[in-house]
There are 2 protein chains.
Amino acid sequence: MGVTLKQLAASLGLSPTTVSRALNGFPEVNAATRERVRAAATKANYHPNTRAKSLATGRAQAIGHVIPVSTSHEIVNPIFADFIAGAGEVYSRAGYEMILRVVADADEASAYSDLIARGAVDGVMVHGPLVHDPRVEMLAGLDIPFLLHGRTSNVTAPYSWLDINNHRSFHRATQFLIDFGHRRIALVNGLEEMDFACRRRKGYLEALSGAGIEPDPFLMRQAEMTEPYGYRAAQEMMQLPDPPTAFLASSMIVAYGLRRGLSDLGLKLGRDVSVVTHDDELSYLPNDGDVPMFTATQSSVREAGRRAAKMLLQLVTDPECGPLTELMETSLVLGASTGPASR
Amino acid sequence: MGVTLKQLAASLGLSPTTVSRALNGFPEVNAATRERVRAAATKANYHPNTRAKSLATGRAQAIGHVIPVSTSHEIVNPIFADFIAGAGEVYSRAGYEMILRVVADADEASAYSDLIARGAVDGVMVHGPLVHDPRVEMLAGLDIPFLLHGRTSNVTAPYSWLDINNHRSFHRATQFLIDFGHRRIALVNGLEEMDFACRRRKGYLEALSGAGIEPDPFLMRQAEMTEPYGYRAAQEMMQLPDPPTAFLASSMIVAYGLRRGLSDLGLKLGRDVSVVTHDDELSYLPNDGDVPMFTATQSSVREAGRRAAKMLLQLVTDPECGPLTELMETSLVLGASTGPASR
DNA sequence: GCCGCTATCCAAAGCGGTTTGGGGATACGA
DNA sequence: TCGTATCCCCAAACCGCTTTGGATAGCGGC
């Protein structure tokens, strides 16, 4: 399907060389000829074969994304969709293809090396980094640009990443609740083997200790971020002898669960109990309006995808431009879910 | 990066031909030689270059997915993530790559034809088909296998698709509510230019008319399926002079919104008001447990992704195997959100 | 008329694989 | 001893594009 460069050249009575140069904007071709070639190309709906082109140039014009699916619970992190949508926009505009691999997390390392060894991609995006993540060192030894969405904590050598300031976000959120008089503040976190969750916890703990509040293990949870997880956390923690007066949630989904759990107990958000959540600004769970439903540390994961893609493309075009890093700050927006500690 | 076939052959004192045949399991090569080649290949971490291979064979070994992003509201449909996770599994196992394009819906047609003209893919998956969808006819003229996740209604020529029985699902769900004595049943649907939403509406209307119930335009809504949309629908419809006693929602996200809207009005699901929703079984919004929260027509979109991918691969390997179609039935599971019409 | 330049174009050699069409041993039968 | 079938292996062409290294022609200057 589709005409080839050779056919196009033959139909024009020109050599493939000239046609190639005409279309790629090289100077050594007559302006009139170039126009003639261009017209014929669009008329014949000519598009250069990607595989041939990249074989000849040595550039794949593609970026690889490997999205891990935890074998244990088979959860697909809902933020991937928005992140990828953001990144995809940038790739399309730059003429890059996005190639996606969905793999069980055990096979992730091999998925990367396979992709690279086959020359299928010019760079890779690393999703969902763990606190101790072997992938970074593996990729560092593979001589290909890569960028983490997030960071990892056990790697000393510099690498490129884009992250949000999880530590500061949760420190601020916790401090905000403390300022409102809360002292029993629960943390309903994601799995703390994930780097982002670990940093959030640290921010939370630091704010508590800054206020002289002893952390209570009964008020800290970690799990995959589903709605029922939030529900159970609310229900169970509120039955403690000394229940929390405020909750800190790691995602909107969890916050919805909290809200349901609390409202089933007859408690009203912002009056009886406070909730602050992180909000990735997923398009189908908007937290806006005149007064947002939740007080939230918010940062668009879609925008993160866009920026990360731009950074990675920069690394691809100029591998020497050094490790690129960006720390996005979140904004703490006030919603209806928080209020002063009652009692 | 990575050794080439030629280098590997040279290091073994063999010709590229023999090495290629040894690795690809052709019979005309000595068993001992084959083993020697295999060992050397794994030792050198040899992986054939994808672009070269597919250029030589003429097969791209890749499937294209074009995911549209509505320019108006910039919503990324959350079911994409799970569908793609399911499809991705199948592709990896079959040695196919998944290439993804995220485009504004206006550019969608050109995204497909570009992908195909460049020879980047062997087949394409069509997402989110509309009632009147120009893409199907376009693709039919392009001589490449394609498969719709869903169906479209204005195309007479046969084509391949995998869909759930939206009509029957919503007919059953509506009938179920009618059997419980409900007569004021609201439909909180997705955008009805989408084929799935249109079929759901038809199923709903048919069940109503079968019971001699006149549909009420005030009880029917359509919009992009966000949580606040569900919330507003509940709040506003319950203020009607003759409010609904039951709701039919097109997604879990919308159902969550309904639930919040109703509970803010002091109404309890299953007792004061009934809600039935469609449930795509997204991993982070599980609707299971001893008694699921929502009565739901359910069908795993992840499984749909797996099956669709298998069908498409079948079409790719044997283009003559004719249009393939599969209609998945949903199961109606009873949850805590429904009860007999009060009063 | 010859030289050197510039402006245009082209032939051919890759890129890294697969595949066609042999070709040299070795073994076997006559 | 020769022919021939079988087993292994290889040289070379090809996939569709880019790119190197000329080649040709036109033109002004001496």
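Chain letters run A, B, ... following the sequence lines, proteins first, then strands; residues in each count from 1.
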Checklist line | Residues from residues 18-26 of chain A lying under 4.0 Å of DNA chain C - heavy atoms | finding: T18(A), R21(A)
Item checked: Side chain proximity check, T50(B) to Q61(B), heavy atoms < 4.5 angstrom -> no
Next item on the list: Take Y91(A) and V102(B) through the side-chain contact (heavy atoms from CB on, under 4.5 Å) test and state the conclusion after the steps.
Entry: CA-CA 9 Å; Y91(A) 296 149; V102(B) 182; over 6 Å; no
Margin query: If I take atom CZ from residue R135(A) and atom CG from residue L130(A), how far apart are they, to the nearest 0.5 angstrom?
Written below: 6.0 Å
Notebook entry, point to check: Taking CG from L12(A) and C1' from dT8(C), how many angstroms apart are they, rounded to a whole number?
Noted result: 15 Å
Item checked: Candidate pair H65(B) and F80(B), rule ring pair (Phe, Tyr, Trp, His ring centres under 6.0 Å), full reasoning -> CA-CA 10 Å; H65(B) 285 237; F80(B) 285 144; 9.3 Å; no
Notebook entry, point to check: Are any non-hydrogen side-chain atoms of R101(A) and E97(B) less than 4.5 angstrom apart?
Noted result: yes
Check: When the distance from CG of N30(A) to C1' of dA7(C) is rounded to whole Å, what number comes out?
Finding: 8 Å
Pairs under 3.5 angstrom, nitrogen or oxygen only, protein versus nucleotides 12-16 of chain D, please.
| residue | atom | partner | partner atom | Å |
| --- | --- | --- | --- | --- |
| dA12(D) | N6 | T17(B) | OG1 | 3.4 |
| dC15(D) | O2 | A56(B) | N | 3.4 |
| dG16(D) | N2 | A52(A) | O | 3.4 |

Next item on the list: Could you walk me through whether T152(A) and Y159(A) pass the side-chain contact (heavy atoms from CB on, under 4.5 Å) test, one step at a time?
Entry: CA-CA 10 Å; T152(A) 181; Y159(A) 58 91; 3.6 Å; yes
Margin query: In whole Å, I'd like the distance from the NE2 atom of H47(B) to the C1' atom of dG17(C).
Written below: 15 Å
Using a 3.5 Å cut-off and no angle test, enumerate the donor-acceptor pairs between side-chain atoms of residues 20-31 of chain B and protein atoms at least two apart in sequence or in another chain.
| residue | atom | partner | partner atom | Å |
| --- | --- | --- | --- | --- |
| N24(B) | ND2 | S20(B) | O | 3.2 |
| N30(B) | OD1 | A32(B) | N | 2.8 |

Next item on the list: Write down the distance between CZ (R118(A)) and P (dT18(C)), rounded to a whole number of angstrom.
Entry: 10 Å
Notebook entry, point to check: Rounded to the nearest Å, what distance is computed from the CZ atom of residue R59(A) to the C1' atom of nucleotide dT19(D)?
Noted result: 12 Å
Next item on the list: Provide, to the nearest angstrom, the distance between the CD atom belonging to E28(B) and the P atom belonging to dG21(C).
Entry: 14 Å
Check: So what does S54(B) touch, heavy atoms closer than 4.0 Å: a base, only the sugar-phosphate, or nothing?
Finding: nothing
Notebook entry, point to check: Are L313(B) and R93(B) side-chain neighbours, meaning at least one heavy-atom pair lies under 4.5 Å?
Noted result: no
Note to self: Using whole Å, what does the distance between atom P of nucleotide dT18(D) and atom CG of L8(A) come to?
What the structure shows: 12 Å
Check: Side chains of T4(A) and N49(A): do they bring a donor and an acceptor to under 3.5 Å?
Finding: no
